[in-house]
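Naming convention: chains lettered A, B, ... in sequence-line order (proteins, then strands); numbering from 1 in each chain.
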Amino acid sequence: MRYAVGIDLGSTTTKAVVLDEQGAVLGRGITNSRSNYDVACEVALAEALINTRFSLVASGLARSGFTEDARTALLGELERRFREQQYRHQLGVLDTVLAEQLEDPSIVDATRAGVAAVVAGMRARAGALFVEGASRKSDFFRDLAGSLYMQLAEEHARVHTPKRSCAAGDDGGAPRASLFDQLVGLYDKAILEVENRPTAAADFDAIVERALAAMDDAAPAALKTSVEVAAATTLDEWAKVGTGYGRQRLPFPEGCIRSEILCHGLGAHTMFPDTRTVLDIGGQDTKAIQVDDQGIVTSFQMNDRCAAGCGRYLGYIADEMNLGLHELGPLAVQSTRPARINSTCTVFAGAELRERLSLGERREDILAGLHRAIVIRAMSLLARSGGVSDEFTFTGGVARNAAATGALRRLVTENYGPRTMNISPDSIYTGALGAALFALRSGRSGDGAAAAAARDGAPVETIP
Amino acid sequence: MTHAHDDLSGLLSHAEELYRDTSFSAVRAWKRRTGGLALGFMPIYVPRELLAAQDVLPVGLMGGGEMEIIRGDAYYQSYICHIPRSTIELGLNGSLDALDGVVFPAICDVIRNLSGMWTMLFPGKLVHYLDVPQDFDPAVGGAFYRDDLLHLSRKIVAHGGRPLETERLRAAIVAYNRANGLVRELYELRREQPWKVPTHELYLLLRAGLVVPVDEQIAMLERYLAFVEDDDERRPMDQARVLLTGSFCEQPPLGLIKTLERTGCYIVDDDFVQVGRWIRHDVPTEGDPLDALVEAFLHDAIASPTRWCESEAKGADLVRRVEHSGAEGVIFCAPSFCDPALLDQPMTVAAVERAGIPWTAFKYAENAGQFQVIREQAGTFADSIKLWSGA
Amino acid sequence: MSAPSVVPKDASQDRQKRMIAAHFDRLAEVEERGEKAVYTFVPGNLTELLLSFGVAPVLPEINALQSGMRGLSKDYIARAEKDGHSEDVCTYVKCDIGMSRGGNVGPTGKRLPKPDLLLLSYTGCFTFLKWFELLREEYDAPTAMLHVPYQGGGTITDAMRKYVVDQLKSKVIPALERITGRAYDEDLLSEHLARSAKAEDDLVHVLESARHRPSPIDAYFGGVYYIGPIFTAFRGTEDAVDYYAELRAEIDERVRLGLGPVTPDGELEKERYRVVVEGPPNWTSFREFWRMFVDEGAVVVASTYTKVGGVYDNGFRHDPSRPLESLAEYCLGCYTNLDLPTRVDMLSRYVTDYEADGFLINSVKSCNSFSAGQLLILRQVEERTGRPGGFIESDLVDPRYFSAANIKNRLESYFQMIEQKRSRGDAR
């Protein structure tokens with residue numbers, strides 16, 4: 001079957017949406033962005049195609065005699081096993097890359113032993129990450145492997161570091177990096193290479209086979225058949241359009257690149273056809289967009305070069321408070337007396353936060369104030385773009401944050417009256433969906449340039 | 001509107017109430033009572049005497065303080081100062097509905113352009129850009145200024161105000177001479193005995209005076225003077241005497257002024273709320289009063305970064321003020337992105353340095369809520385001054 | 001201001017290049033020749049009056065923008081900031097101060113003369129006042145202030161005109177007489193003004209040629225070259241008259257041949273978008289900025305920046321029969337001296353008259369005279385014309401404020417939006 005794909009290369013994540021020829025969503029994929037944009041796009045697309053094949057498996061299984069509950073359980077386990085196998089494969093690549101690095105003769109044996117111990121530990125714990133009900137802070141290999149590696153490296157270094165040598169220069173010699181620092185340094189270098197290597201982690205056939213084999217009970221025949229059918233389905237790229245923050249360097253030819261503003265407008269329109277105003281708060285930028293009844297952009301505004309008030313700002317705050325990004329919203333909604341915060345300048349965020357904490361203000365109240373400050377900045381972009389019309393769709397990473405959506409809802413109502421505010425659970429894919437729709441159009445119109453060039457691939461520009 | 005402020009704290013809380021009331025209820029009440037017009041004016045200087053003579057209440061607009069800005073930011077890029085944002089916010093949220101118009105004196109390009117924005121945003125309201133002359137020859141700049149004032153006066157009449165009459169203008173000058181004289185008296189008292197006139201109190205009185213008729217302002221100033229002159233509870237402390245400069249348009253938050261005082265500074269001279277101090281002495285009450293106002297503007301006004309200084313080296317006036325006030329150091333305290341203050345600063349800093357006067361500098365926005373950095377900086381500065389003068 | 005040699009170049013461009021080079025050469029020799037140098041500003045410049053006294057005009061704004069184009073401004077600005085100038089303020093000023101402290105070597109590598117007079121034509125920009133106060137401290141030179149009142153009510157009143165003329169008579173002319181020892185010669189001034197009017201006719205003809213489809217000129221990026229001579233030291237000279245006559249003939253020929261504008265990368269072959277631009281360009285990445293338009297097939301058909309040194313397309317001409325009055329009206333009428341409602345009128349008229357697809361605002365950090373209020377201008381012009389407005393942000397000569405990726409992103413989105421609107425209906 002032929003598909004059209006849209007890829008949204010953002011500052012933190014890269015998303016892909018795959019559509020069939022009728023425009024129905026077949027699959028979605030996401031990965032963390034990385035220095036090699038081509039690989040990021042390739043991985044996102046591969047993930048979206050895996051997601052597509054899982055959809056095919058699901059529809060195959062639906063024609064079997066299993067109850068819905070049983071199907072859900074089977075598919076759930078298959079997917080967990082699939083992710084585990086994918087993870088183990090990536091771990092193998094990491095091991096290889098680390099081994100290559102250890103060939104450097106200047107590395108001492110203690111470090112080699114440390115790496116071996118840590119990698120062994122990671123392999124041993126891989127299964128636990130994917131047991132039923134296990135919570136994972138992220139689904140990206142970089143995050144999963146990274147946090148485990150750090151934890152194990154720290155434990156290893158604590159046990160194996162001689163007491164005296166960790167303090168810098170106390171033997172009179174030059175300061176030496178501690179064992180832990182050396183282990184971390186090796187990982188940091190290795191993960192960059194692992195990430196930017198075209199990977200076989202997306203080889204559906206091989207991985208799904210191992211996943212089936214690893215299931216607790218033998219996989220039922222209907223599941224095996226559905227998997228075989230899904231795996232055997234040929235998926236041909238018909239047309240491709242790229243968009244996103246990294247758009248200037250997207251690995252697509254010129255005719256296949258669309259502005260993220262247009263993509264967000266069209267994506268939001270498709271998700272919620274009555275949308276007239278779109279707000280997107282992403283990692284690096286905030287966009288306020290007005291669209292007409294066909295999803296065509298009529299006006300837009302973006303933040304200036306300063307990233308104050310964008311998702312990245314919340315990232316700084318999370319780092320400063322030693323919290324995960326996803327923990328901020330839930331804490332902030334517990335506030336009873338939100339602090340008044342007038343600056344969303346990332347440069348001063350840390351200092352202001354520390355001062356407020358030192359004055360005894362509650363974390364929740366400060367966080368609630370920060371969320372409100374971010375939303376107020378977005379409000380001014382909305383006003384510049386032409387206000388907030390009904391319906392209003394909120395997209396981007398920050399749309400998943402309850403404190404931000406709550407503040408936005410209040411401010412919009414106060415300033416523009418009641419508005420239907422749409423937030424899709426798939427809102428992170430809005431830009432990619434719009435891009436996919438543009439791809440579909442070019443496919444349908446037989447736009448040779450967009451479609452053919454997409455198939456041929458284009459030269460890739462890599463940022464070192 | 002007289003309030004029961006029989007004691008100092010009552011008077012001050014009344015002043016603070018007027019200062020904090022961004023909905024200008026005192027102005028609304030005055031309009032209900034008198035049926036007169038009220039005209040807002042942006043900082044630095046407009047001849048309030050002219051407005052008062054036409055039964056117009058002049059209302060000083062000094063920004064929105066710590067007010068949260070929701071709509072105003074939509075009109076300004078990040079590199080523009082804060083006061084126009086809050087002024088627009090006040091206009092759009094209805095706080096300034098009681099005003100029949102606004103006078104925008106020539107301060108800088110941001111305030112200048114705000115006058116045109118006001119015309120577009122609030123059609124039907126009186127908008128006047130008061131382009132005060134930078135030529136101080138009575139026959140040239142003076143004639144132009146006089147003409148501009150008459151133009152403003154005619155616009156007031158067209159909006160339903162009383163025509164300008166010579167004797168009423170003279171009476172208004174007398175009243176403002178009294179009010180401005182009291183302000184000068186307070187500044188003198190603070191210079192001599194800064195412990196008696198804390199700047200955060202003086203500041204509240206100046207701000208309160210911007211939203212009430214002149215006779216009410218006179219009454220408040222007289223009461224305050226009477227209270228503090230006899231107050232022996234207020235005793236000198238070991239504080240550094242500083243002159244604060246640069247805060248003539250967008251005002252610092254009250255918290256900043258209090259922070260400076262708490263960190264060990266006596267502010268013995270400043271640039272806050274200059275409208276009543278722009279003219280250095282009483283405006284003469286003999287002869288043609290309009291001519292007298294013009295002449296006072298041309299030849300008796302303070303040096304200001306917004307005013308072309310014809311011959312003197314920049315900063316000479318600041319050094320004189322330091323000497324007169326007995327300040328031991330200068331704090332350059334300007335709003336972020338304030339062109340007049342910040343473009344002037346390298347020249348005035350150089351003058352202060354040449355004179356061997358210690359100085360420090362920082363910037364603020366009217367809505368700043370945290371003063372830790374300023375507290376540390378000002379505290380260190382005050383300590384170093386005290387060490388220096390003790391050595 | 002030179003284009004690369006591989007692309008078609010007009011004779012007028014060579015002529016302008018020679019004129020500018022000769023001017024800087026002359027400035028380098030002012031002291032040796034016993035001439036006098038007068039520093040002044042582009043808006044409200046009194047070039048004809050200066051020429052009638054035989055003094056050499058030096059324009060710090062031009063030096064700053066030239067320094068920006070030649071990659072020198074970054075270090076000059078750093079120097080000024082190191083010396084205590086705020087990062088918040090105008091970078092033209094800091095560039096100039098930095099240049100002066102580094103030995104006052106001009107953008108062409110030749111020394112600039114010290115000012116014998118700072119002629120502060122205070123027109124449409126508050127910063128001018130501070131700029132010359134700062135220069136006065138640098139050079140200890142006499143300063144003549146010409147306060148040009150702002151058109152706060154949207155019109156030039158008799159009182160304004162009289163005020164400017166009175167200052168010319170009582171301040172500016174006596175100051176020029178003092179430094180030159182020459183008497184004011186009104187006949188000579190009128191001769192210069194007559195030549196100005198002639199060149200102004202040709203300039204307007206050139207700017208209005210953008211009404212054609214395709215437009216034979218780019219009225220913003222190309223426009224800054226066209227206004228060069230008339231905005232600076234050449235208004236009122238024979239050189240300027242010749243330059244504009246030649247330019248006019250070249251443009252007429254392009255119209256006849258149906259050609260688009262000449263850009264640094266060659267001739268623009270297909271005009272895909274016609275836009276009006278408000279605000280000054282960025283000078284440090286001028287080429288790159290222009291190329292972003294060229295890449296999209298976008299042509300600027302009218303701009304307000306090309307009116308900062310004089311608005312001529314409303315019919316104003318210097319008038320030899322009323323020399324001082326017409327100089328006053330010239331000063332009062334410069335673009336940045338217009339109030340915001342008038343600016344909205346003018347932009348809306350440009351969008352309609354030049355059949356533009358939309359308009360773009362380049363908001364520069366340095367210049368509050370332009371920038372403060374532009375977001376309201378944007379909304380107002382959109383409402384008036386029904387055409388979409390775009391908003392980008394940069395600076396005049398501070399390369400730190402030119403984010404190419406951000407600007408390109410906005411421009412591409414903007415042009416794609418216009419494209420999408422055009423194909424509305426058949427898009428689905």
Query raised in the report: Yes or no on side chain to side chain contact (heavy atoms under 4.5 Å, CB included) for B:Trp308 and C:Thr143, after CA distance, side-chain angles and deciding distance?
Result: CA-CA 11 Å; B:Trp308 169 244; C:Thr143 313; 3.4 Å; yes
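- Neither the backbone nor the side chain of C:Asp339 has a heavy atom closer than 4.5 Å to any heavy atom of chain B.
- The greatest number of non-hydrogen atom pairs below 4.5 Å with chain C, out of B:Ser336, B:Pro133, B:Pro84, B:Ala106, is found for B:Pro133.
- The part of B:Val132 that comes within reach of chain C is its backbone (N, CA, C, O), which places non-hydrogen atoms under 4.5 angstrom from that chain.
- Between C:Lys130 and B:Pro305, the shortest heavy-atom distance links the atoms NZ-O, 2.7 Å.
- Within residues 163-172 of chain C, the residues having any heavy atom under 4.5 Å from a heavy atom of chain B are, by residue number, C:Tyr163, C:Asp166, C:Gln167, C:Ser170, C:Lys171.
- Of all the listed residues (B:Ile80, B:Asp135, B:Leu121), the one sharing the greatest number of non-hydrogen pairs under 4.5 Å with chain C is B:Asp135.
- Of the listed residues (C:Val344, C:Thr157, C:Val364), the greatest number of heavy-atom pairs within a distance under 4.5 Å of chain B belongs to C:Val364.
- Atom-to-atom distance recorded for C:Leu375:CG and B:Tyr76:OH is 9.5 Å, nearest 0.5 angstrom.
- Contact between B:Pro346 and C:Gly84 at its shortest, heavy atoms only, is CG-O, 3.9 Å.
- Of the residues considered (C:Gly152, C:Gly373, C:Pro341), C:Pro341 shows the highest number of contacts with chain B, using heavy-atom pairs under 4.5 Å.
- When the candidates C:Pro149, C:Ala159, C:Ser369 are compared by the number of heavy-atom contacts under 4.5 Å with chain B, C:Ser369 comes out ahead.
- Rounding to the nearest 0.5 Å gives a distance of 11.0 Å between CG of C:Leu129 and CZ of B:Arg307.
- For the set C:Lys94, C:Lys162, C:Met145, C:Arg379, the count of heavy-atom pairs under 4.5 angstrom toward chain B peaks at C:Met145.
- No more than 12 heavy-atom neighbours from other residues, nucleotides or ligands sit within 6.0 angstrom of CD on C:Glu87.
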Query raised in the report: Which is it for C:Met160 and B:Asp131 under the side chain to side chain contact (heavy atoms under 4.5 Å, CB included) test, yes or no, and what are the steps along the way?
Result: CA-CA 10 Å; C:Met160 291 176 183; B:Asp131 204 351; over 6 Å; no
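- Contact annotation for B:Ile88: neither backbone nor side-chain heavy atoms come within less than 4.5 Å of a heavy atom of chain C.
- Looking only at distances, a side-chain donor or acceptor of C:Glu137 sits under 3.5 Å from a matching main-chain atom of B:Lys314.
- Of the two parts of B:Val110, the backbone and the side chain both hold a non-hydrogen atom closer than 4.5 Å to a non-hydrogen atom of chain C.
- Among C:Pro142, C:Ser363, C:Gly154, the residue making the largest number of heavy-atom pairs under 4.5 Å with chain B is C:Ser363.
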Query raised in the report: Can B:Asn113 and C:Arg343 be said to form a side chain to side chain contact (heavy atoms under 4.5 Å, CB included), step by step?
Result: CA-CA 11 Å; B:Asn113 287 7; C:Arg343 283 169 64 186; 3.9 Å; yes
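- B:Asp344 places a side-chain heavy atom less than 4.5 Å from the side chain of C:Glu133.
- At a threshold of 4.5 Å between non-hydrogen side-chain atoms, the residues C:Asn368 and B:Arg112 do not count as touching.
- Within the 4.5 angstrom heavy-atom criterion, only side-chain atoms of C:Gln380, from C-beta onward, approach chain B.
- From C:Cys90, atom SG reaches atom CG of B:Asp109 across 10.0 Å, with rounding to the nearest 0.5 Å.
- The backbone N or O of C:Ser86 lies less than 3.5 Å from no partner atom in the side chain of B:Gln345, so there is not a single donor-acceptor pair.
- Only the backbone of B:Ala139 comes within less than 4.5 Å of a heavy atom of chain C; no side-chain atom from C-beta onward does.
- When each of C:Gly124, C:Ala80, C:Gly153 is checked for heavy-atom pairs under 4.5 Å with chain B, C:Gly124 comes out on top.
- In terms of the side chain to side chain contact (heavy atoms under 4.5 Å, CB included) criterion, residue partners of B:Ala355 (sequence neighbours excluded) are, by chain and number, B:Val319, B:Ile357.
- For the pair C:Leu376 and B:Tyr75, the tightest heavy-atom approach, listed with the atom from each and the gap, is CD1-CE2, 3.7 Å.
- No side-chain heavy atom of C:Leu340 sits under 4.5 Å from any side-chain heavy atom of B:Thr119.
- Residues C:Tyr150 and B:Ser115 approach most closely at CE2-OG, 4.5 Å, considering heavy atoms.
- Residues B:Gln134 and C:Leu120 fail the side-chain proximity criterion, which asks for heavy atoms closer than 4.5 Å.
- In this structure the side chain of C:Phe391 reaches within 4.5 angstrom of the side chain of B:Gln77, judged on heavy atoms.
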